[in-house]
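Computed over heavy atoms, backbone and side chain alike; hydrogens, waters and symmetry mates excluded. So that the names make sense, note that chain A is the first sequence line, chain B the second, and so on, each numbered from 1.
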There are 2 protein chains.
Amino acid sequence: MITGDASYIKKINRSLIIREILREEMISRADLSKITALTRATISAQVSDLLEEELVVETQLEHNSVGRKPIMLSLNGHAGYALGIDLDFGQVSFTLSNLLGSPVSSEIIRIHTNNYAEILELLILNITKYQKEFSDSRYGIVGIVVAIHGLVSNDEIIQYVPRFHWKNVNLKSDLEKAVGVEIHLENNANLSSFAERVFIHHETDNLLCTTLYSGIGLGMMMNNKFFRGHDGFAGEIGHMIIVPGGKPCTCGNEGCWEKYASETSVFEYLSETKSMSNITYEQIQQWMNEDDSDVYEIMEQFIYYLSIGLNNMINIYNPDVVVIDSELLRIYPDSLNKIHQNLHSQISHYRELTLSTIGKKSCVLGACALAISHFLDVPILNLPYKD
Amino acid sequence: MITGDASYIKKINRSLIIREILREEMISRADLSKITALTRATISAQVSDLLEEELVVETQLEHNSVGRKPIMLSLNGHAGYALGIDLDFGQVSFTLSNLLGSPVSSEIIRIHTNNYAEILELLILNITKYQKEFSDSRYGIVGIVVAIHGLVSNDEIIQYVPRFHWKNVNLKSDLEKAVGVEIHLENNANLSSFAERVFIHHETDNLLCTTLYSGIGLGMMMNNKFFRGHDGFAGEIGHMIIVPGGKPCTCGNEGCWEKYASETSVFEYLSETKSMSNITYEQIQQWMNEDDSDVYEIMEQFIYYLSIGLNNMINIYNPDVVVIDSELLRIYPDSLNKIHQNLHSQISHYRELTLSTIGKKSCVLGACALAISHFLDVPILNLPYKD
DNA sequence: TTGTATTAGTTAGTTCATTAAACAAATTAA
DNA sequence: TTAATTTGTTTAATGAACTAACTAATACAA
């Protein structure tokens, strides 16, 4: 049970201070005191710890107002590194960032296996390599987070990864035994939503991010925490039934949303209509340029069903910001406007609906950011996004 | 901004201690110390405050084990009263409870108006009456909570009450000006979910409660907080589209869930089929006793569409406990089993699905409990339910 | 150039709630 | 009657925040 004592309040205030430094990027002790309502004495004491730990650095800036010149404080991005890993079907992405979330190194490794042991070995090999390579800096690699494209329960055990056919595997424990440091697993949609919040939408405390690729994933940041549900399986919105008695789904029901509004469903319709397999985004782009009527019809239907699900999602969650991550919508002209026009219910309340600007790499960037947030012991952070 | 200081620690620990006293109903200082991991000295100091404030009373119980006999502590239910008000269409219910949530007085007043000013006056009149009548006891009436059958935003302004045709009214402020004490407004489904958690489902930190009367309401308790969404409008699940291009709804969309799975929808179907208006529950009960096939068909369809929506709700929220409050399901034989059988998806995860045992009065009891929780400054409480 | 106002940051001492440890009280069982 | 055990209180120490007074550095005006 968490009880209050002196060290607990110090932790609370430290977390607040780090959070403000990151939010403002550069800020003086005096301004920290004003924002947090902690006294300048308290701020000084806490900052002195942070300087000692090399997590914060001081800078003298030009200043042209009356009074003593403030000493600006900022987070020391060079104190360590965070490693984000995206364990996707067919490829594993590794991104190493500094403590400010700026990528330092990125690499994508193709894999041609679903075998757990083989993939585990590949992960161990690469993590060890990064650990050796980046042991300079005060703290070295401060955290590792792996994105899982499937169900991860609250105890970080992988319950199910559809495309790998993995069920109930303890990757966290297997990795930790091999590399000797703490590893965290997180669902890919959750990490995308974290990235959208941390790198882009700095002002919201309520963000949904839906990813429309092989299925439909939903990640949610609410009051600066993931919304996970009781076991960690919340956001399985792809299996929301929107057509009673509709197409059968592997989940055992009929008429699930992702049978109508995932990119996979669009590719399937196109393959059928065009009698063509292995259709690429480039091919679709070309058809769109040519005003192909089949593609138009299929895309319009995609947007129709997508809007129904979005309407439901918005009524259910009453979000502030909704981010959609879909390559097809990015290339289809005027797609966002069309969706907006479909969301005309009196009840639906949201402030902003956008297409993701980060795109597919949001997942691995979110993993880096989550590792940083664990290390700094702050529930949320604002980091600059440099494209 | 909330920062940590000594008084904040004390508040945290006090809240923990009160919560444990309520959970255990009777507990000694020594056991409180074991459960909370606070030292006995700390517990003694805090309890001494609570005794001074008459919020806690000591009892000597029989004891037959070795060592000094413990002094049992329990919450002093007689220190004050909580007033819950259910502002429903056609009637206003007032329930006054003691600090342990036991009703002391209950009264239902029929109203024949939707006029805001008239209803406001009625509320003021009655609140003032209760204040005078129950000013004995150490604290008198410690809190007043009003249940609103409509949208209440996070700043406690009534956005919309469909059946009263109220839009954007500030009942909280109008009442507070007139009666001179703090008043809180809360959505009725939220209060029902609070009551289910506080009086019945003591062990869960994740509960959904759906009310199927005029429309479909959804209240959610997650990690001992209401799940409200960004503005307070989350849980508008009745307007989830489950039949694309289906029946038109007042919200501006077509095929909303509450057009198929609210009790109102059942009454409408029955009225049409039986060519009869003003159908009562007693009438339906009689038809059911006679194995009426029209009623059977309509009820089976109700359960079919209800299950679709429940499936969606469960996939989206991954709840621990789901409580359904519906009089029709209570009287229809085997209804719960039929719903269970419809929820066969691989993805759906929930632990328990039940019909409400508290029923319609959950809303006003939840209002009392919420007033108590505000007064004691504990986010959640366990109270005994005495039918 | 000098003094004054202003802002930034530090230092000394106080306050408050916790903890640890010793103690007092009350009870069972040998 | 004594030992063992458990409950609850007292006392001193600790830690982190606070207040208040200080030093430092700067702009600006006389």
Side-chain angles (χ1 to χ4, degrees), chain A residues 1-21 24 26-53 56-74 377, chain B residues 1-21 24 26-53 56-74 377:
Chain A
M1 189 165 290
I2 301 159
T3 53
D5 67 353
S7 70
Y8 183 60
I9 64 180
K10 185 156 191 188
K11 218 176 105 178
I12 292 173
N13 292 338
R14 176 190 162 109
S15 177
L16 269 173
I17 290 167
I18 295 178
R19 187 171 158 182
E20 287 308 318
I21 293 175
E24 304 292 334
M26 275 208 159
I27 188 170
S28 66
R29 290 170 177 78
D31 284 345
L32 275 174
S33 165
K34 280 175 201 148
I35 290 180
T36 60
L38 293 163
T39 61
R40 282 178 310 186
T42 302
I43 300 283
S44 276
Q46 289 262 17
V47 166
S48 134
D49 287 357
L50 293 170
L51 286 169
E52 180 112 356
E53 296 169 49
V56 155
V57 285
E58 295 184 324
T59 324
Q60 274 296 355
L61 279 193
E62 284 307 299
H63 194 73
N64 49 2
S65 72
V66 76
R68 175 175 167 177
K69 207 192 282 181
I71 306 164
M72 302 308 278
L73 304 167
S74 48
D377 205 8
Chain B
M1 188 166 291
I2 301 160
T3 53
D5 65 353
S7 69
Y8 184 58
I9 300 179
K10 187 157 191 187
K11 219 175 106 176
I12 292 173
N13 292 337
R14 177 189 162 111
S15 176
L16 269 173
I17 290 167
I18 295 177
R19 189 172 156 182
E20 288 307 320
I21 293 175
E24 305 291 333
M26 274 209 160
I27 188 170
S28 66
R29 289 169 177 79
D31 284 345
L32 275 174
S33 166
K34 281 175 201 148
I35 291 181
T36 61
L38 292 163
T39 60
R40 284 183 314 218
T42 304
I43 301 283
S44 276
Q46 289 262 16
V47 166
S48 131
D49 287 357
L50 292 171
L51 286 169
E52 181 113 354
E53 296 169 47
V56 155
V57 286
E58 295 184 324
T59 323
Q60 274 297 356
L61 279 193
E62 283 309 299
H63 194 70
N64 48 2
S65 73
V66 78
R68 175 175 168 175
K69 207 191 280 181
I71 306 165
M72 303 308 279
L73 304 167
S74 48
D377 205 7

Exercise. Using side chain to side chain contact (heavy atoms under 4.5 Å, CB included) as the criterion, list what pairs up with Ile12(A), not counting sequence neighbours.
Key: Tyr8(A), Tyr8(B)

Exercise. Name all residues meeting the side chain to side chain contact (heavy atoms under 4.5 Å, CB included) criterion together with Ser74(A); count only those two or more places apart in sequence or in a different chain, and write none if there are none.
Key: Met26(A), Val57(A), Thr59(A)

Quiz item: Quick one: Leu61(A) CG to dG9(C) P, roughly how many Å, whole number?
Solution: 12 Å

Quiz item: Where do Gln60(B) and Lys69(B) come nearest, in terms of heavy atoms and distance?
Solution: OE1-CD, 3.3 Å

Practice problem: Rounded off to whole Å, could you give me the CD1-to-C1' distance for the Ile71(A) and dT23(D) pair? | Solution: 13 Å

Quiz item: Which angle, to the nearest 10 degrees, lies between the helix axes at the two ends of the helix from dT1(C)-dA30(D) to dA30(C)-dT1(D), each defined by five pairs?
Solution: 20°

Self-check item: N/O donor-acceptor pair, side chain Arg40(B) with base dG8(D), under 3.5 angstrom
Solution: yes

Practice problem: Nearest whole angstrom, please: distance from the C1' of dT7(D) to the CE of Met26(B). | Solution: 17 Å

Protein and nucleotides 24-29 of chain C: nitrogen or oxygen contacts under 3.5 angstrom:
from: dA26(C); atom 1: N3; to: Arg68(B); atom 2: N; distance (Å): 3.4

Quiz item: Tell me, for nucleotides 12-18 of chain D in 5' to 3' order, what letter each nucleotide earns: B for a base near a protein heavy atom under 4.0 Å, S for only sugar-phosphate near one, - for neither?
Solution: ---SSSS

Quiz item: Taking 4.0 angstrom as the limit, do Lys34(B) and Glu20(B) come out as a salt bridge?
Solution: no

Practice problem: Using atom CD1 of Ile27(A) as one end and atom C1' of dG9(C) as the other, report the distance to the nearest whole Å. | Solution: 15 Å

Quiz item: So what does Ile43(B) hit on the nucleic acid, given a heavy-atom distance under 4.0 Å: a base, only sugar-phosphate, or nothing?
Solution: nothing

Exercise. Any chance you could lay out the side-chain contact (heavy atoms from CB on, under 4.5 Å) test for Ile17(B) and Leu50(B), step after step, and finish with the verdict?
Key: CA-CA 10 Å; Ile17(B) 290 167; Leu50(B) 292 171; 4.2 Å; yes

Practice problem: Without swapping roles, check the side chain of Ser33(A) against the backbone of Leu38(A) for a donor-acceptor pair under 3.5 Å. | Solution: yes

Self-check item: Partners passing side chain to side chain donor-acceptor pair (under 3.5 Å) against Ser7(B) (at least two apart in sequence or in another chain)
Solution: Asp5(B)

Practice problem: State, to 0.1 Å, how close Ser15(B) and Asp377(B) come at their nearest heavy-atom pair, and which atoms those are. | Solution: OG-O, 3.4 Å

Quiz item: Looking at Glu58(B) and Leu73(B), what are the two nearest heavy atoms and their distance?
Solution: CG-CD2, 3.8 Å

Exercise. Take atom CD1 of Ile17(B) and atom P of dA17(C), then tell me their distance rounded to the nearest Å.
Key: 13 Å

Quiz prompt | Distance-minimising heavy-atom pair for Ser44(A) and Arg29(A) | solution = OG-CD, 3.8 Å

Self-check item: Salt bridge present between Asp49(A) and Arg14(A) (N-O < 4.0 angstrom)
Solution: no

Quiz prompt | Euclidean distance, atom CG of residue Leu51(B) to atom P of dG8(D) [Å, nearest integer] | solution = 11 Å

